[in-house]
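Worth saying up front: this structure is predicted, and the values here are computed from it rather than measured.
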Amino acid sequence: MRKQIVFSLVCTVVMVLGISSCQEKPQQIPMPVPATAYESTSFKLYPTENIWTFLKLDTRTGQLWQEHWSIDEKSSQVELVLSDAILAEGKTNGRFELYPTKNFYNFILLDKVSGSTYQVQWSFKEEQRGVIPISGQ
């Protein structure tokens, strides 16, 4: 009797597995690959740790601005120049890229063509913001 029960269970499991493996699996719809927008655009915004501040980069020249925005009418919405120096001539979109650091106010700017790097520091105080070439360049 026990052998018949075990045999019946095994047969049932094999049948269920066989039927489920024969069923047509739903076709997976491929997800679209997001376009690398920064490669085809002239400007890119980078968030900072401050929710009201972004950095705007001209990806062709390396010029940078600090963007302040607000939902409060009493607060200022302003664009401040971090660097208006043109670090590279040309019209290659995506040449420059910003990388955050663990420091709240600092980013590294990379020229992806020449390999040059720059320290970018944003601040609410004019004397504490700017773009500085990293040593050895």
Side-chain angles (χ1 to χ4, degrees):
M1 176 76 173
R2 189 171 181 189
K3 286 183 180 181
Q4 287 177 344
I5 293 173
V6 171
F7 180 74
S8 294
L9 281 173
V10 169
C11 287
T12 304
V13 169
V14 169
M15 256 186 7
V16 169
L17 290 175
I19 290 171
S20 67
S21 67
C22 291
Q23 291 178 347
E24 190 174 314
K25 299 203 188 251
Q27 186 179 21
Q28 289 186 348
I29 299 171
M31 296 301 290
V33 177
T36 53
Y38 67 89
E39 293 296 344
S40 61
T41 59
S42 300
F43 293 90
K44 187 171 177 184
L45 282 175
Y46 294 86
T48 67
E49 293 293 322
N50 180 317
I51 63 170
W52 307 111
T53 304
F54 281 80
L55 300 183
K56 181 173 78 173
L57 170 66
D58 183 329
T59 66
R60 300 163 301 175
T61 64
Q63 293 172 297
L64 282 156
W65 297 266
Q66 184 175 321
E67 305 290 330
H68 291 281
W69 66 283
S70 172
I71 56 172
D72 183 1
E73 292 178 13
K74 296 175 187 173
S75 298
S76 64
Q77 297 182 1
V78 65
E79 179 177 89
L80 303 170
V81 175
L82 279 175
S83 173
D84 58 0
I86 296 174
L87 302 176
E89 295 291 335
K91 303 198 185 308
T92 305
N93 288 334
R95 176 172 179 159
F96 289 91
E97 185 77 25
L98 272 177
Y99 295 89
T101 67
K102 292 188 179 190
N103 182 309
F104 190 87
Y105 296 100
N106 284 271
F107 285 74
I108 300 295
L109 177 64
L110 172 66
D111 181 337
K112 296 192 291 186
V113 173
S114 72
S116 298
T117 52
Y118 304 84
Q119 176 186 347
V120 175
Q121 182 168 314
W122 69 272
S123 175
F124 298 105
K125 298 177 182 174
E126 184 176 2
E127 66 275 4
Q128 293 180 351
R129 62 178 177 256
V131 177
I132 305 160
I134 293 179
S135 297
Q137 297 178 31

If you take all heavy atoms of [X] and [Y], which pair is closest and at what distance?
X      : Y      : result
Gln66  : Ser123 : NE2-O, 2.9 Å
Ser83  : Val131 : CB-CG2, 3.4 Å
Asp111 : Ala88  : OD2-CB, 4.4 Å
Ala85  : Gln63  : O-CG, 3.5 Å
Ser42  : Asn93  : OG-OD1, 3.3 Å

Would Asp58 and Trp65 count as a side-chain contact (heavy atoms from CB on, under 4.5 Å) if you check the C-alpha gap in whole Å, the side-chain angles of each, and the deciding distance to 0.1 Å?
CA-CA 9 Å; Asp58 183 329; Trp65 297 266; 4.1 Å; yes

Can you tell me if [X] uses its side chain to pair, donor with acceptor, with the backbone of [Y] under 3.5 Å?
X      : Y      : answer
Thr59  : Phe96  : no
Gln121 : Asn106 : no
Lys112 : Gly94  : yes
Trp69  : Ile51  : yes

Please determine whether side-chain contact (heavy atoms from CB on, under 4.5 Å) holds for the pair Phe107 and Thr48, giving the CA-CA distance in whole Å, both sets of side-chain angles, and the decisive distance to 0.1 Å.
CA-CA 9 Å; Phe107 285 74; Thr48 67; 4.0 Å; yes

Applying the 4.5 Å side-chain criterion to the ILVMFWY set and letting contacts propagate, would [X] and [Y] be lumped into a single cluster?
X      : Y      : result
Phe124 : Val120 : yes
Tyr105 : Tyr118 : yes
Phe104 : Leu82  : yes

Rounded to the nearest 0.5 Å, what's the gap from [atom1] on [X] to [atom2] on [Y]? Could you check?
X      : Y      : atom1 : atom2 : value
Lys44  : Leu57  : NZ    : CG    : 8.5 Å
Leu64  : Leu80  : CG    : CG    : 12.5 Å
Ile134 : Ile108 : CD1   : CD1   : 4.0 Å
Leu109 : Thr117 : CG    : OG1   : 8.5 Å

Starting from the C-alpha separation in whole Å, work towards a yes-or-no answer on side-chain contact (heavy atoms from CB on, under 4.5 Å) for Phe43 and Arg60.
CA-CA 8 Å; Phe43 293 90; Arg60 300 163 301 175; 3.9 Å; yes

Quick one: are the ring centres of Trp52 and Phe54 less than 6.0 Å apart?
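Between Phe54 and Trp52, which both carry aromatic rings, the centre distance is not below 6.0 Å.
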
For Glu49, look at atom CD and say whether over 12 heavy atoms of other residues, nucleotides or ligands are found less than 6.0 Å away.
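Atom CD in Glu49 is not packed in, count stays at 12 or less.
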
Go through the steps to decide whether His68 and Thr53 satisfy the test side-chain contact (heavy atoms from CB on, under 4.5 Å), and finish with yes or no.
CA-CA 5 Å; His68 291 281; Thr53 304; 3.1 Å; yes

Do Arg95 and Ser114 have side chains that get closer than 4.5 Å, going by heavy atoms?
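Yes - at least one pair of side-chain heavy atoms lies under 4.5 Å apart.
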
